[in-house]
Colleague: 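To start, I am sharing the structure in question, which I have written as structure tokens.
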Amino acid sequence: MARPRKSAVENPAVVADHTVTAVSPVPLHTQIREALRRSILDGSYPPHSQMPSESQMMERFGVSRITIRQALGDLQKEGLIFKVMGKGSFVAKPKAFQSLSRLQGFGEAMSPSGYETYSMLLSAREVEAGPLVAQRLSVAEGSTVFEIQRLRYLNREPISVDVSYFPLEIGQRLAQEDLATRDIFVILENDLGHNLTHADVQIEAISAEATLGRHLGMDEGSPLLRIERLTYAGERPIDFEFLYYRGDAFQYRLRIDRS
């Protein structure tokens with residue numbers, strides 16, 4: 001883990017715009033949590049930087065220690081901060097997450113939580129379908145399909161490399177769209193009129209080869225999570241992809257009910 005940086009409390013402007021008032025119907029600890037949360041998500045408190053001490057935040061917000069601890073406890077449960085015994089609280093590295101109970105694109109999953117997402121287009125080209133791609137997309141082996149490779153960012157940190165394959169005409173249309181700021185799922189449904197219905201997903205752990213490691217800022221051989229996903233529009237396979245996530249920066253979430 002990178003060495004924790006100095007506390008952002010040295011910069012008094014970090015949360016200066018986030019006011020807390022006792023007359024609000026919103027509880028004080030919730031107001032403070034949201035103020036700190038915004039400063040984390042907008043980069044005012046960068047990953048691994050030390051948060052102000054409880055005493056400093058008590059003075060800044062004019063509240064009790066228990067109120068500060070409630071706010072910090074909520075942020076820790078969200079995975080936005082972590083605590084080091086005897087040293088205080090530090091900002092956690094952004095971690096992407098998606099629910100296994102919903103079919104969502106990366107931006108769709110992360111944006112409601114306030115995270116900034118962005119994609120760098122690495123390549124968009126016509127390629128011959130190998131045996132696996134041909135089987136998944138139900139096309140003839142050796143026929144032409146369209147490959148799109150993107151480097152995905154979460155709060156300006158590289159989080160995954162996505163390698164996606166599409167039937168030729170769909171891929172050609174996608175290549176003309178804004179793939180930097182828009183999810184492919186959203187474009188497929190809203191712009192191209194395809195009703196996405198379900199996906200088959202496989203997940204496995206692998207080691208990063210040199211190119212993936214370079215894109216993700218990792219050493220060769222570092223752990224990656226590889227997700228193979230085949231998405232359908234009705235009964236037609238429309239999007240086959242390999243998603244390579246940093247092993248330390250992604251999690252799937254699943255709610256399991258006990259009947």
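If you read the sequence from its start, that first residue is 1, and numbering goes on from there. Computed from heavy atoms alone, side chains included, the values below leave out hydrogens, waters and symmetry copies.
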Colleague: As an exercise, state the distance from CD of Q135 to CG of L230, rounded to the nearest 0.5 Å.
Modeller: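 Output value for this atom pair is 9.5 Å.
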Colleague: Under a 3.5 Å distance rule, please check whether D183 uses its side chain to pair with a backbone N or O of F185 as donor and acceptor.
Modeller: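 Not a single qualifying donor-acceptor pair exists.
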Colleague: Under 30°, 30 to 60°, or over 60°: which ring-plane class applies to F242 and Y165, parallel, tilted or perpendicular?
Modeller: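 Correct class here is perpendicular.
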Colleague: For residues T197 and A233, report the shortest heavy-atom separation together with the two atoms involved.
Modeller: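 So the two residues come closest at OG1-C, 4.1 Å.
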Colleague: With a 4.5 Å limit on heavy-atom distance, are the side chains of I148 and E241 in contact?
Modeller: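 Counting from C-beta outward, I148 and E241 never come under 4.5 Å.
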Colleague: Side chains of D162 and S164: donor-acceptor distance under 3.5 Å anywhere?
Modeller: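 Absent: no donor and acceptor within the cut-off.
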Colleague: Can a donor-acceptor pair be found, under 3.5 Å and without considering hydrogens, that links the side chain of R152 to the backbone of Y118?
Modeller: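 No; judged by distance alone, with no hydrogens or angles, the pair does not exist.
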Colleague: Between atom CZ of F146 and atom CZ of F166, what is the distance when rounded to the nearest 0.5 Å?
Modeller: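 Reported value, rounded in 0.5 Å steps: 9.5 Å.
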Colleague: Are a donor atom and an acceptor atom from the side chains of E54 and Q56 found within less than 3.5 Å of each other?
Modeller: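 Q56 and E54 do not have a side-chain donor-acceptor pair below 3.5 Å.
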Colleague: Could you check if a side-chain atom of L36 sits within less than 4.5 angstrom of a side-chain atom of M51, using non-hydrogen atoms only?
Modeller: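 A side-chain contact exists here, since the closest heavy-atom pair is under 4.5 Å.
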Colleague: Hydrophobic clustering (ILVMFWY, side-chain heavy atoms < 4.5 Å, transitive) - are V127 and V139 grouped together?
Modeller: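 Looking at the clustering, V127 is in the same group as V139.
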Colleague: Transitively linked via ILVMFWY side-chain contacts under 4.5 Å: I187 with L103?
Modeller: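 Shared cluster, yes.
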Colleague: Does a side-chain heavy-atom distance below 4.5 Å link L196 with Y232?
Modeller: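 When only atoms from C-beta onward are counted, Y232 and L196 do not touch, as no gap falls below 4.5 Å.
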Colleague: If you look at every heavy atom in T231 and R229, which pair is closest and at what distance?
Modeller: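 Looks like OG1-CG, 3.9 Å.
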Colleague: Find the distance between CD1 (I66) and CG (L28) and round it off to the nearest 0.5 Å.
Modeller: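 Answer for the CD1-CG pair, I66 versus L28, is 12.5 Å.
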Colleague: Holding to side-chain contact (heavy atoms from CB on, under 4.5 Å), I want the full list of residues that pass it with P167, two or more places apart in sequence or in another chain.
Modeller: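 L137, E169, I170, R236.
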Colleague: Checking S89 against I81 for the side-chain contact (heavy atoms from CB on, under 4.5 Å) test, could you report, in this order, the C-alpha distance in whole Å, the side-chain angles of both residues, the deciding distance, and whether it holds?
Modeller: CA-CA 6 Å; S89 298; I81 66 172; 4.2 Å; yes
Colleague: Is the closest side-chain heavy-atom distance between V145 and F240 below 4.5 Å?
Modeller: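 No - every pair of side-chain heavy atoms lies 4.5 Å or more apart.
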Colleague: Can you check side-chain contact (heavy atoms from CB on, under 4.5 Å) on L75 and R33, steps first, answer last?
Modeller: CA-CA 7 Å; L75 293 174; R33 179 195 69 203; 3.7 Å; yes
Colleague: Less than 3.5 Å apart, any donor N or O on the side chain of D219 or S222 sitting next to an acceptor on the other?
Modeller: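 No - no donor-acceptor pair under 3.5 Å links their side chains.
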Colleague: Run E228 and V201 through side-chain contact (heavy atoms from CB on, under 4.5 Å) and show every step you take.
Modeller: CA-CA 6 Å; E228 180 183 311; V201 178; over 6 Å; no
Colleague: Could you state the interatomic distance from OG (S55) to CZ (R60), rounded to the nearest 0.5 Å?
Modeller: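 Between atom OG of S55 and atom CZ of R60 there are 13.0 Å.
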Colleague: If you look at every heavy atom in P52 and M57, which pair is closest and at what distance?
Modeller: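 P52 and M57 have their closest heavy atoms at O-CE, 3.2 Å.
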Colleague: Do L174 and L188 have side chains that get closer than 4.5 Å, going by heavy atoms?
Modeller: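 Side chain of L174 against side chain of L188, heavy atoms only: contact under 4.5 Å found.
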Colleague: Any non-hydrogen side-chain atom of E189 less than 4.5 Å from a side-chain atom of N195?
Modeller: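 Sidechains of N195 and E189: in contact.
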Colleague: Which heavy atom in P237 sits nearest to a heavy atom in R136, and how many Å separate them?
Modeller: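 P237 and R136 have their closest heavy atoms at CB-O, 3.3 Å.
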Colleague: Please tell me whether L132 and V161 are part of a single hydrophobic cluster in this structure, the criterion being side-chain heavy atoms less than 4.5 Å apart.
Modeller: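 They do share one cluster, since a chain of ILVMFWY contacts under 4.5 Å joins L132 to V161.
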Colleague: Is a side-chain donor-acceptor pair under 3.5 Å present for T67 with Q70?
Modeller: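 Note: Q70 and T67 side chains miss the donor-acceptor criterion.
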Colleague: Report yes or no: does S160 contribute a side-chain atom to a donor-acceptor pair with the main-chain N or O of Y245 at less than 3.5 Å?
Modeller: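 No.
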Colleague: What distance do L243 atom CG and L225 atom CG have between them, rounded to the nearest 0.5 Å?
Modeller: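 It is 9.5 Å, given to the nearest 0.5 Å.
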Colleague: Tell me who clusters with V26, hydrophobic residues only, linked when side chains sit under 4.5 Å apart either directly or through other members.
Modeller: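 Grouped by the 4.5 Å side-chain rule, V26 forms a cluster of one, so the answer is none.
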Colleague: Where the side chain of E209 meets the backbone of L212, is there a donor-acceptor pair that is under 3.5 Å apart?
Modeller: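 Judged by distance alone, yes, a pair lies under 3.5 Å.
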Colleague: What is the minimum heavy-atom distance between L151 and P158, and which atoms define it?
Modeller: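 Heavy atoms only, the tightest pair is CD1-CB, 4.2 Å.
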Colleague: Taking the side chain as every heavy atom from C-beta outward, state whether I206 and E204 have any atom pair closer than 4.5 Å.
Modeller: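 Side chain of I206 against side chain of E204, heavy atoms only: contact under 4.5 Å found.
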Colleague: Are D74 and R37 close enough for a salt bridge, meaning some N to O gap below 4.0 Å?
Modeller: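 So D74 does not pair with R37 through a salt bridge.
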Colleague: Is there a path of hydrophobic side-chain contacts, each under 4.5 Å between heavy atoms of I, L, V, M, F, W or Y residues, that connects L224 with L154?
Modeller: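 The answer is no; the residues belong to distinct hydrophobic clusters.
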Colleague: Any donor-acceptor pair under 3.5 Å linking the side chain of Q50 with the backbone of K87?
Modeller: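 At least one qualifying donor-acceptor pair exists.
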Colleague: State, with a plain yes or no, whether a side-chain heavy atom of I227 is found less than 4.5 Å away from one of Q202.
Modeller: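 No, their side chains stay 4.5 Å or more apart.
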Colleague: List the steps, then state whether side-chain contact (heavy atoms from CB on, under 4.5 Å) holds for L122 with R150.
Modeller: CA-CA 5 Å; L122 300 176; R150 293 168 296 161; 5.7 Å; no
Colleague: On a heavy-atom basis, which atom in L168 and which in T144 lie closest, and how many Å separate them?
Modeller: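 Closest heavy-atom pair between L168 and T144: CB-O, 3.7 Å.
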Colleague: Grouping I, L, V, M, F, W and Y whenever their side-chain heavy atoms are under 4.5 Å apart, do L121 and V186 come out in a common cluster?
Modeller: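 No, L121 does not connect to V186 through the hydrophobic network.
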Colleague: Between E126 and Q172, does any side-chain donor sit less than 3.5 Å from a side-chain acceptor?
Modeller: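 Their side chains do contain a donor-acceptor pair, which is all the 3.5 Å distance test asks for.
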Colleague: Please round to the nearest 0.5 Å and tell me the distance separating atom NE2 of H215 and atom CD1 of I159.
Modeller: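 Reported to 0.5 Å precision, the distance equals 15.5 Å.
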